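A quick write-up on the structure given underneath.
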Amino acid sequence: MTQSQHPNATAVSFTLNGVTVTAQADESILQVAQRQGIEIPHLCYTETLRADGNCRACVVEIEGERILAPSCCRYPSEGMSVTSHSKRAMTAQKMVLELLQSDAPKTNQLTPHSELKHWCEKLAVTECRFPERQQPAKDCSHPAITTSLDACIQCGRCLRACREEQANDVIGFAGRGSEVQIIFDMADPMGLSSCVACGECVQACPTGAIMPAGDVGNQLADKQVHSVCPYCGVGCQLTYHVKDNSILFVEGRNGPANHNRLCVKGRYGFDYVTHRQRLTKPLIRRSDAPKHIEMDMDYNNPLRDFREASWEEALEFATKGLKKIHKKQGPNGLAGFGSAKGSNEEAYLFQKLIRTAFNTNNVDHCTRLCHASSVAALLQMIGSGAVSNPVADVADAEVIVLIGSNPTSNHPVAATFFKNAARDGKTLIVMDPRKTDIARYADHVLQFNPDTDVAMLNAIMHAIIQLDLVDHNFIEQRTEGYTTLKKHLQDYTPERMAPICGIPAETLYEVARIYASAKGSMIFWGMGVSQHIHGTDNARCLINLALITGQIGRPGCGLHPLRGQNNVQGASDVGLIPMVYPDYQRVDNAEIRKKFEALWQTTLDPNPGLTVVEIMHAIHDGNIQGMYIMGENPAMSDPNLNHARTALASLKHLVVQDIFMTETAHYADVILPASAFPEKTGTFTNTDRRVQMGRQAIDSPGEARQDLDILLAMAKGLGLQWNYTGPRDVFNEMRQVMPSIAGITWERLEAESAVTYPCSHEGDSGESVIFQEQFPRAGGKAALIPAAFSHADELPDDDYPYILITGRQLEHWHTGAMTRRASVLNSLEPEAVAMVHPDLLEQIGLHAGESIRIRSRRGEVVTGTRSDRGLNPGQIFLPFCYYEAAANMLTNDALDPDGKIPEFKFCAIKIEQA
């Protein structure tokens, strides 16, 4: 490569088709041409992938050079003269297109979105003078993707998307010369390969050689609707392609959190909205259908205990039952569970309804079961429960610490950025009791003993202090409590903690040195940190670690608890938790309470309400007798499900608002059919603190109503006088009481799709990196708070010798209500399966695939098995999305004293052949 072919370091002027133009730094000839509105055919090039110059369709003529140059990867130099439409260049361009078209099937079954077809039509390449090649057979072995390599032009876009964007390394080239072809792994059928069905290759393919299964790509959409993904907290932006009120397929959009990328759930998990089990009419429990404490829901006939009703009857029945309990029991006889799947506007109205119609703060949602302990520690020590830096800041970091998280399954698109960063030379440190897929990209893997997070993290901090790697200036100027913390850490030497946590002392010293010495170190954590009775202490250790090294308040460093559901951050921000109003303003603060009373024109309860698990205990005690549950499924998500289901069955009146007959709806007295994610418009806040616009793409089926409309109808039936005409009105009210989003307008979100808070004034760009100068605590300093090592509530013993770890798997999400009704996702993972170390399987006389019975002190499940060497032999991993083997039948409902989060990630079990 000559110097002129390297990217131009600064702006240069050159001539393009006789016109003087300017190329910005690192801008290729093709990019300049596109900016100038000059069309040059191209097939292997796309904005999101590294330019390869593979197809040669984009060749241009450069004065003084003997050969034509591919404009996609050629960079101009000062004074260069380039012609894209000379006779020589266009003859070459047309020849390339004709040759590529000769490889395509003569039946012309290319997708109507084919870029090859587009450029052939543009350049009038209508005939092909070359013989047709031997066409390879179509591969339909994968549930999500069909490969028709007869349409493949070997452009390499799918390979680069798989390897360089998603870092999955499934696709490659095999053969030589005319025998070159795309293969999956070792030339396996795609359905038998290691493909994780992210679909990045589908989106990258320019010809339809790799397409969504079922040939949906051959259909032309009526409209395209820009929205966001309804699953995890990454908040990927996407585009729905819609025809006849049905979603044909989904593509990633260039949002700040995903850069066009999606995972298997975001790309293929959308057809649950048309599942035959969608609720389309209001339902009331039959008078002869008592609630069964033992769950006996008939999944083939889930509506057997209910009768259809009109909306008028159902709403009257729902509100009348709640008002009756309110009159008899008082405000605290009622409670509400809102949803982290719904919009900010829905969550805001739900908590407002519970507080103003029920007159109680007994309102909560699933963040209590995800990151409550993380938020408790962050609020206590830093003054804010928000992440300090976005995921994308890994590009500016030197060191990335990932602890208690399995991002390749739980946050797959975020995982791609971690993998990309590792391949770019960043140091990735993975800490987890289970060795997950992300570990193969890590420089250091600390597979510590379960339940010993505090011991390990305190030892690392001890080493940092011992090696004098603390940031003394930062500690003095921006923190308080260092002397106490330093004294506390004296006993946590790496040598003493090594046998406890299972990590050699020298490794602890090395990790301490790497983390503390880097110019920028970021810590990401998941529910493997938070879902313990010492989850708040786990988070305290991570916060202390960042503070004593000054690794916070700058790009490329900081603290980031990865949010689990699509709107956990937003639902918490708008007050869907029992102790705070919107923007985390305490309900027991008289001045704050008066402000909300004035806005809402009511008198509010001054006492913090009960949390999710506490509400279940209160139902058992007879103190709570009525509930309104919107979009939550505690009969699957709560710990100790026998206890939770008994509580739900004993309620005198339960109103459920949902899209399916969930396990929780089985216990309802009245069910209100609601809207699925693509059927409504509203705002959602991702794990990066980005407020994004989700837009309605299709209409709801039957008589199902918008969630917001149902809330307004319920409010009216409960005696509230609300005058909202839609989500815009609700959002404008939220801005009045939430300083963090006061500067974000609805119109701006419609135009920009994403704005990061805090954004206090209109026109502000928003702050992606916070805590740069001070922390939002009294005095502006962060508090260093020691955390003492303690054990789980329930340890293994002779009767229950193994440890159960629960979590999610790539193809399914939360309790499975949506993903198990998505055809592709359920085809990929249709049955419950426990991950077991092969040595343990051999010990109990089983082979992978055979069934085991898992027992705890609270219940038992029977499930299939899969071999997993990432676990230690004494551990079992069980996803919690399968109703037929509900992991939470086993889990412990012991609570963290600060975050009130249950201990999902650790309980004692025994196993046996089923």
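For clarity, every value in this text was computed on a predicted model and none was experimentally measured.
A cation-pi arrangement, defined by a distance under 6.0 Å to the six-membered ring centre and an angle within 45 degrees of its axis, is present between R434 and F877.
Side-chain contact check for T408 and N406: at least one donor-acceptor pair (N or O, by modelled atom type) lies under 3.5 Å. Side-chain atoms of H560 and T687 include a donor-acceptor pair closer than 3.5 Å. Looking at T664 and N633, their side chains do bring a donor and an acceptor atom within 3.5 Å of each other. Side chains of Q565 and H814: a donor-acceptor N/O pair is present below 3.5 angstrom, by distance only. Side-chain atoms of Y800 and E794 include no donor-acceptor pair closer than 3.5 Å. Side-chain N/O atoms of W525 and S374 include a donor and acceptor closer than 3.5 Å. In this structure, a donor-acceptor pair under 3.5 Å is absent between the side chains of R563 and N686. Of the N and O atoms on the side chains of T536 and D896, at least one donor lies less than 3.5 Å from an acceptor on the other residue. Remark: the N538 side chain and the H534 side chain contain an N/O donor-acceptor pair separated by less than 3.5 Å.
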With side chain to side chain donor-acceptor pair (under 3.5 Å) as the criterion, how do D573 and Q569 come out once you've worked through the C-alpha distance, each side chain's angles and the decisive distance to 0.1 Å? CA-CA 6 Å; D573 293 341; Q569 183 67 60; 2.9 Å; yes
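Put simply, the side chain of N458 never gets that close to the backbone of Y492: no donor and acceptor are under 3.5 Å apart. For N872 (side chain) and Q875 (main-chain N/O), no donor-acceptor pair under 3.5 Å exists by modelled atom type. At least one donor-acceptor pair closer than 3.5 Å links the side chain of R368 to the backbone N or O of G899. Looking at Q585, its side chain does come within 3.5 Å of a backbone N or O of P582 through a donor-acceptor pair. Proximity of a side-chain donor or acceptor of T891 to a complementary backbone N or O of F904 within less than 3.5 Å is not detected. Checked by atom type and distance alone, the side chain of R777 pairs as donor or acceptor with a backbone atom of Q380 at under 3.5 Å. Not a single donor-acceptor pair under 3.5 Å links the side chain of Y802 to the backbone N or O of C907. The main-chain N or O of A546 is found under 3.5 Å from a side-chain atom of T549 such that the two form a donor-acceptor pair. Remark: side-chain polar atoms of R857 are not paired, donor with acceptor, to backbone N or O of L890 under 3.5 angstrom. A distance-only check finds a donor-acceptor pair linking the side chain of E903 to the backbone of D793 [under 3.5 Å].
Between atom CG of residue N892 and atom NE2 of residue H532 there is a gap of 12.0 Å, rounded to the nearest 0.5 Å. Between Y515 atom OH and M461 atom CE the span is 10.0 Å, to the nearest 0.5 Å. In this structure, the separation between NE2 on H411 and SG on C263 is 10.5 Å, given to the nearest 0.5 Å. Taken from CG in L508 to SG in C501, the straight-line distance is 5.0 Å, to the nearest 0.5 Å. Between D621 atom CG and S650 atom OG the span is 10.0 Å, to the nearest 0.5 Å.
Checking each of D605, N607, N623 against N332 for a side chain to side chain contact (heavy atoms under 4.5 Å, CB included) leaves exactly one that passes, namely D605. With F524 as reference, L562 is the one residue of L542, L562, N389 to meet the side chain to side chain contact (heavy atoms under 4.5 Å, CB included) rule.
Residues passing the salt bridge (charged side-chain N to carboxylate O under 4.0 Å, His left out) test with D453: none are found, sequence neighbours excluded.
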